[in-house]
Amino acid sequence: MLVHLRTQLPHAAPAELYGVARSTITEAIGELRPLLGDRGFAVPDRPGLRLRTLVDVFAYAAAEGVKLRIDGTETRVRRPRVHRPGRCAFVSAKKKQNTVKTTTISDGQGRTLWSGANRPGRIHDQTAMRTEGIAEQFPLHPRAMAEADESYRGLAKEFPEQVSAPPKRPKGEDASLGEQYASREMRRRQSSARICVEHANAEHKQWRPLQRFLGRREYYAATHRAVAGPVFGRASQRATRRKPSTELVSVSSMVC
């Protein structure tokens, strides 16, 4: 399974490598992929605890004082067949290609805490975030804070005390030079604060299926979680630059 996730080779290649039938490899991948994806995300400095749901992530952020970083990433997928309903839904306005959009949440050190909300590439980042229920978590966890890019500016407007987004650039010829410099500096600082989630997405893209997914689109969500969660659990082993509290308890009743 790890060989397949790392290289995205056809099933016949690992079958030849391990001396088994291709159907055996296909069956093994089909059984292991959801198991890896359902394990959740390792909690930094908390061996044995895993974040499986959005409630877990926001409860962890509120209890530990972790400021979340939210961002979306796109992966190129196969183009749907001609005359198939919803064929244009995967065409990304940004990349001009058929993509699937995924929302990633990380901490300030680029360690992935959650990855999901997989939607066709045509859907806006904020729409994917709201339909997944991420916006509903902020009123439930008033102590949870987040940094996001300008595509989530509506979320920052709705929760100004919890979500930070880059300010709009001053428009028109009436904007003074000082206002332009101030806006540029504020955007630079906000970008520096959320760049770590870009590093988390780049770390995911080191694995071949998340660079360009060649399988069926209905398997992409499970494949992404299988890579971003258990495989990247080693990111949680990075030394934390803060002292963790002793009050954190698992929200989910599931046991790893």
Side-chain angles (χ1 to χ4, degrees), residues 1-42 47-48 50-52 71-92 94-106 110-122 197-238 254-256:
M1 183 64 196
L2 294 179
V3 170
H4 172 71
L5 290 176
R6 188 66 176 180
T7 62
Q8 199 175 207
L9 290 171
H11 295 180
E16 181 69 22
L17 178 64
Y18 293 106
V20 296
R22 185 187 61 81
S23 59
T24 303
I25 297 296
T26 303
E27 183 179 357
I29 291 176
E31 293 177 355
L32 292 176
R33 180 166 42 206
L35 293 179
L36 289 176
D38 293 341
R39 288 191 65 199
F41 301 87
R50 288 187 173 272
L51 306 175
R52 294 182 172 86
D71 192 28
T73 183
E74 295 183 66
T75 302
R76 188 176 176 184
V77 296
R78 286 181 175 181
R79 186 179 185 182
R81 294 182 178 179
V82 182
H83 306 306
R84 176 166 294 184
R87 187 169 186 253
C88 297
F90 290 88
V91 179
S92 171
K94 179 180 179 181
K95 292 184 175 296
K96 310 300 182 183
Q97 296 174 339
N98 290 268
T99 64
V100 170
K101 186 169 295 182
T102 305
T103 302
T104 301
I105 300 179
S106 75
R111 299 176 295 194
T112 302
L113 302 178
W114 185 83
S115 185
N118 298 281
R119 299 291 188 275
R122 191 174 183 178
V197 69
E198 301 282 358
H199 296 163
N201 284 329
E203 194 173 12
H204 299 172
K205 294 295 180 70
Q206 293 178 4
W207 293 70
R208 186 62 180 172
L210 302 190
Q211 296 174 11
R212 181 180 179 182
F213 189 68
L214 301 179
R216 295 184 179 180
R217 292 186 303 279
E218 54 266 29
Y219 296 149
Y220 175 79
T223 302
H224 192 111
R225 289 183 63 86
V227 171
V231 176
F232 282 91
R234 66 174 184 269
S236 64
Q237 301 175 6
R238 298 172 188 164
M254 296 178 63
V255 179
C256 178

Quick one: closest heavy-atom pair of [X] and [Y], and the distance?
| X | Y | result |
| --- | --- | --- |
| Ala89 | Pro120 | O-CB, 3.2 Å |
| Asn118 | Ala221 | ND2-CB, 3.4 Å |
| Ala222 | Arg33 | CB-CG, 3.8 Å |
| Thr112 | Ala200 | OG1-CB, 3.8 Å |
| Val197 | Thr104 | CG2-O, 3.8 Å |
| Val3 | Tyr18 | CG2-OH, 3.5 Å |

For Thr75, side-chain contact (heavy atoms from CB on, under 4.5 Å) partners two or more places apart: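 side-chain contact (heavy atoms from CB on, under 4.5 Å) list for Thr75, sorted by chain: Lys205, Phe213, Tyr220.
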Counterpart residues, side-chain contact (heavy atoms from CB on, under 4.5 Å), relative to Arg22 (two or more places apart):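 Scan of Arg22 (side-chain contact (heavy atoms from CB on, under 4.5 Å), adjacent residues dropped) gives His11, Ala12, Ala15, Thr26.
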Any donor-acceptor N/O pair, Gln8 side chain to Arg212 backbone, under 3.5 Å: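 It does hold such a pair.
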Under 3.5 Å: donor-acceptor pair, side chain of Glu74, backbone of Ser92: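 Such a contact is absent between Glu74 side chain and Ser92 backbone.
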Heavy-atom neighbours of Arg122 CZ exceed 12 at 6.0 Å: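 For Arg122, atom CZ is not crowded (no more than 12 foreign heavy atoms under 6.0 Å).
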Glu16 atom CD, neighbour heavy-atom count above 12 within 6.0 Å: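 It does not: Glu16 CD has 12 such atoms or fewer within range.
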With the side chain counted from C-beta on, respond yes when [X] and [Y] share a heavy-atom pair under 4.5 Å apart, and no when they do not.
| X | Y | value |
| --- | --- | --- |
| Asn98 | Val91 | yes |
| Leu5 | Leu36 | yes |
| Thr73 | Thr102 | yes |
| His224 | His204 | yes |

Atom [atom1] in [X], atom [atom2] in [Y]: separation rounded to 0.5 Å?
| X | Y | atom1 | atom2 | result |
| --- | --- | --- | --- | --- |
| Ile25 | Leu9 | CD1 | CG | 11.0 Å |
| Arg6 | Gln206 | CZ | CD | 6.5 Å |
| Asp71 | Ser115 | CG | OG | 11.0 Å |
| Arg217 | Thr99 | CZ | OG1 | 11.5 Å |

Residues Arg39, Arg50; criterion side chain to side chain contact (heavy atoms under 4.5 Å, CB included); working and verdict: CA-CA 7 Å; Arg39 288 191 65 199; Arg50 288 187 173 272; 2.9 Å; yes
Any residue meeting ring pair (Phe, Tyr, Trp, His ring centres under 6.0 Å) with Phe90, in chain and number order, not counting sequence neighbours: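 Applying ring pair (Phe, Tyr, Trp, His ring centres under 6.0 Å) to Phe90 gives none.
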